[in-house]
Amino acid sequence: MSSGRITPRMRPAKERICDFEEVSLGYTEEEAVAEASRCLLCGACVKGCPVGIDIPGFIKAIQEKDFKRGYQIIKKNNLLPAICGRVCPQETQCEAMCILGKKGDPINIGALERFLADHYADESIPRINENGHKAAVVGSGPGGLTAAFELRRAGFQVTVYEALHELGGVLKYGIPGFRLPDDVVDREIETLKKMGVEFLTSFLIGKTLTIDELLQKNDAVLIATGAGLPGYLGIPGENGIGVLLANELLTRVNLMKAYDFPRYDTPVISGKKIVVIGGGNVAMDTARVSRRMGADVVICYRREEKDMPARLEERHHAKEEGIDFQVLTNPVEILLNDEGRVRGMVVERMKITGVADDGRSRIASTKETFEMETDLVVEAIGQSPNKIIRENVEKLEFDKKGRIVVDENLKTTKDNVWAAGDIVSGAATVILAMGEAKEAARAIVEKFGG
Amino acid sequence: MRNTIVSKENLSEDVCSFIVEHPEIASHYEPGQFVIVRVHEKGERIPLTIVDADPEKGTIRLVVQGVGLTSKLMNQMKAGDRLIDLLGPLGRPFHFPADAKKGLFVGGGLGIAPLYPKVKHFEGERHVTLGAKDASHLILQKEMKAASFRLTLCTDDGSLGEKGLVTHAMQRLFDSGESFDFCVAIGPLVMMKAVVEANKALGLPTFVSLNPIMVDGTGMCGGCRFEYDGEVKFACVDGPVFDGFKVNFHDLLVRSRQYEKHECRALEHYREKKSKKESL
Ligand SMILES: Cc1cc2nc3c(=O)[nH]c(=O)nc-3n(C[C@H](O)[C@H](O)[C@H](O)COP(=O)(O)OP(=O)(O)OC[C@H]3O[C@@H](n4cnc5c(N)ncnc54)[C@H](O)[C@@H]3O)c2cc1C
Ligand code: FES
């Protein structure tokens, strides 16, 4: 038994910042077995998994080299293991509970999950007994895809409506290919298509069709429209040329392939020195995308690095790629030149004044300001739900933050309408969206029969 | 089938009118709304105003002036071709002020097509003033004539109607003692800005329809944002029609230049590709 945690091989930083190919190469069989063999199979990790995967079960299967069984164990609770293995914040979930982590390094559960999903996925289609009911799913992010799978498996005729021209939600337009390749997501969508799920893209529910119209044609409607509305700082200079909200940069690059302009028609404004504001996954992805577009990149975050909500691995990769973390800095003004282009940013230095209830640092301004040199500023400071459905529906209750109000079964206040994912919980995680979608689907199946 | 071009008409050298099939958009459309279009697999997403809709036939009408790469590509499409993506109807519908009896409609160049549905849907007395650089760019004359109580045309070079800018023509209307309950102005930013400034002095409520650079058109990217009445608005979901007095035109003018260089580059690339193909 080896003692230290085995990290999958990564492409060298110098090489990977020149393209959008995946950074982590994943485990070889030998590495996977060696990492699995460190595990004591105590099962503490399961408590940290939002969908309760039998983690010791699949790790034991890897120890025994019964990989197919391992995959099947994961699949019982998680429809999208190839995706979750790559993007779940394991260090705050399953791996945080690992008892090996108390003294040394926790088991690399995410990498093991990905190993099984990449090599031992079973693409067989479940047998479907039509139940004569129809369901509409709004949104094709991880929540919508999971719900579509569960409902179809139970025999519903399922149609997924997606506003964008591509399927996958944040998995496609947000998370870049070097972290989650498009084909990993497409494989899952293909399976759903084979199962007979119908997908309609460029359908904006609320505008192209309303929720009430969907209800006329369906027994149940499940809303999984995510939290796509970007926040902004509200500081002077924000509308200048060279100030983008992260979603615009990510959409242009990931969805519209602006990195390959002019072979693709969509361009993206570029800079030599880019400042990205924020400390979440969106900020990290934006910074790393910008780096790949050839810029020097600085991340400006108002708390300390340990407070950043971004996955640990991404922070680590960002640093390897030469991204400069300027913590305890808070932007106060974006400076523009005569043409209205960004020429710099004024930031104030923050100081730590204590610890907040959630364990993050409490901060306050030192009143000391300085100027950062930059020609492109990208704001990645949080997302909230889009207003389109809200403005075009009746009897559906929303809370102050624009999230749909649901009961413990994810049922909304409107008859035959359920909701799941970021539209219910605010900007959260892939696995939570999937977990909720599964619950909502279960409730729908319960009501109409499977 | 959805997205199929049912028919096409050339309105001028570089302006085409399309009838496109899309029953859902046709039946949900209200004046003021627009669509996002993509014309090929590697294409960008561009906004186009819905000029008209026929819910019974399940079709919408789009008028496209070939200025950028995508609009030029679209104008090469023919009846029977399919738009690869068509999303809508987007934006908020526009409603005229209550009790308005007499409206002044001002359209310039590219703005004439999106102005048309507003003219058509107003039930009071419609005064229309249109301007373009020359006669060939003054599109939709026939429809506008049929829809308006009084139509004034002007061109920069005097090749049709009065010679001069729409604001001059408007001024003559005001000088002759005409008064209106509101004005709708659609055209290049500088034109809308000039109209708004003139009308502000008169206290004539003025609505403008904005057409900034957009990506998704659903409020997701923030690329279409600008300052309005001291707040940030997203033109795609909060508009596209706004109270002109509250619009910060300076912001919009600056932001409209963001991709100037890229647009030229895209067109160059396209021409190179085309000439390579032709020389093969
Ligand atoms: C850049 C970025 C990086 C992230 N990184 C991670 C990570 O590493 N790990 C992690 O766990 N989470 C991460 N997240 C968060 C995670 O992606 C989300 O929590 C998750 O995608 C939510 O899933 P969802 O299905 O609720 O919504 P989404 O994935 O947002 O999907 C919603 C879909 O609905 C569509 N839609 C919206 N409105 C309508 C409408 N009216 N009609 C039709 N369709 C509509 C949208 O276009 C979209 O495709 C990241 C998010 C971003 C933006
Ligand atoms: S076009 Fe993206 S938010 Fe308006």
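Each chain gets a letter, A, B and so on, in the order its sequence line appears, and its residues count up from 1.
Within the 4.5 angstrom heavy-atom criterion, atoms from both the backbone and the side chain of B/Val232 approach chain A. Proximity to chain A (any heavy atom under 4.5 Å) is restricted, for B/Phe234, to the side chain, taken from C-beta onward. Contact annotation for B/Gln33: only side-chain heavy atoms (C-beta onward) come within less than 4.5 Å of a heavy atom of chain A. Using a 4.5 Å cut-off between heavy atoms, B/Tyr259 contacts chain A through its side chain alone, with no backbone atom that close. For a residue to count as touching a neighbouring chain, one of its non-hydrogen atoms must lie under 4.5 Å from one of that chain's; by this rule B/Arg38 touches chain A with the side chain only. Contacts of A/Thr208 with chain B are made by both backbone and side-chain atoms, with heavy-atom separations under 4.5 Å.
Remark: A/Glu248 CD to B/Cys224 SG distance equals 8.5 Å, nearest 0.5 Å. The distance from the OG1 atom of B/Thr218 to the CG atom of A/Leu164 is 6.0 Å, given to the nearest 0.5 Å. Rounding to the nearest 0.5 Å places SG of B/Cys236 at 7.0 Å from CD1 of A/Ile388. B/Ile36 contributes atom CD1, which lies 9.5 Å from atom OG of A/Ser202 (distance to the nearest 0.5 angstrom). Interatomic distance, A/Leu204 CG to B/Ile25 CD1, rounded to the nearest 0.5 Å: 10.0 Å.
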Inset, instruction - Please report the C-alpha distance between A/Lys257 and B/Lys42 in whole Å, then the side-chain angles of each, then the deciding distance to 0.1 Å, and finally whether the side-chain contact (heavy atoms from CB on, under 4.5 Å) criterion is met. - result: CA-CA 8 Å; A/Lys257 313 278 181 238; B/Lys42 295 189 170 125; over 6 Å; no
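Applying the ring pair (Phe, Tyr, Trp, His ring centres under 6.0 Å) test to every pair with at least one member in residues 23-63 of chain B, sequence neighbours left out, gives no pairs at all. Judged as a ring pair (Phe, Tyr, Trp, His ring centres under 6.0 Å), the pairs with a partner in residues 231-267 of chain A (not counting sequence neighbours) are, in order, A/Phe20-A/Tyr259, A/Phe261-B/His262.
B/Arg225 and A/Glu238 are not joined by a salt bridge, as no carboxylate oxygen comes within less than 4.0 angstrom of a charged side-chain nitrogen.
A donor-acceptor contact shorter than 3.5 Å links the side chain of B/Arg255 to the backbone of A/Asn239. Looking only at distances, a side-chain donor or acceptor of A/Lys207 sits under 3.5 Å from a matching main-chain atom of B/Gly91.
When each of B/His269, B/Met220, B/Glu24 is scored by its heavy-atom pairs under 4.5 Å with chain A, the top score falls to B/Met220.
At least one side-chain heavy atom of B/Val254 sits under 4.5 Å from a side-chain heavy atom of A/Ile241.
Contacts between residues 43-76 of chain B and chain A, counted as heavy-atom pairs separated by less than 4.5 Å, involve B/Gly43, B/Glu44, B/Arg45, B/Leu69, B/Leu73. Within residues 377-384 of chain A, no residue has any heavy atom closer than 4.5 Å to a heavy atom of chain B.
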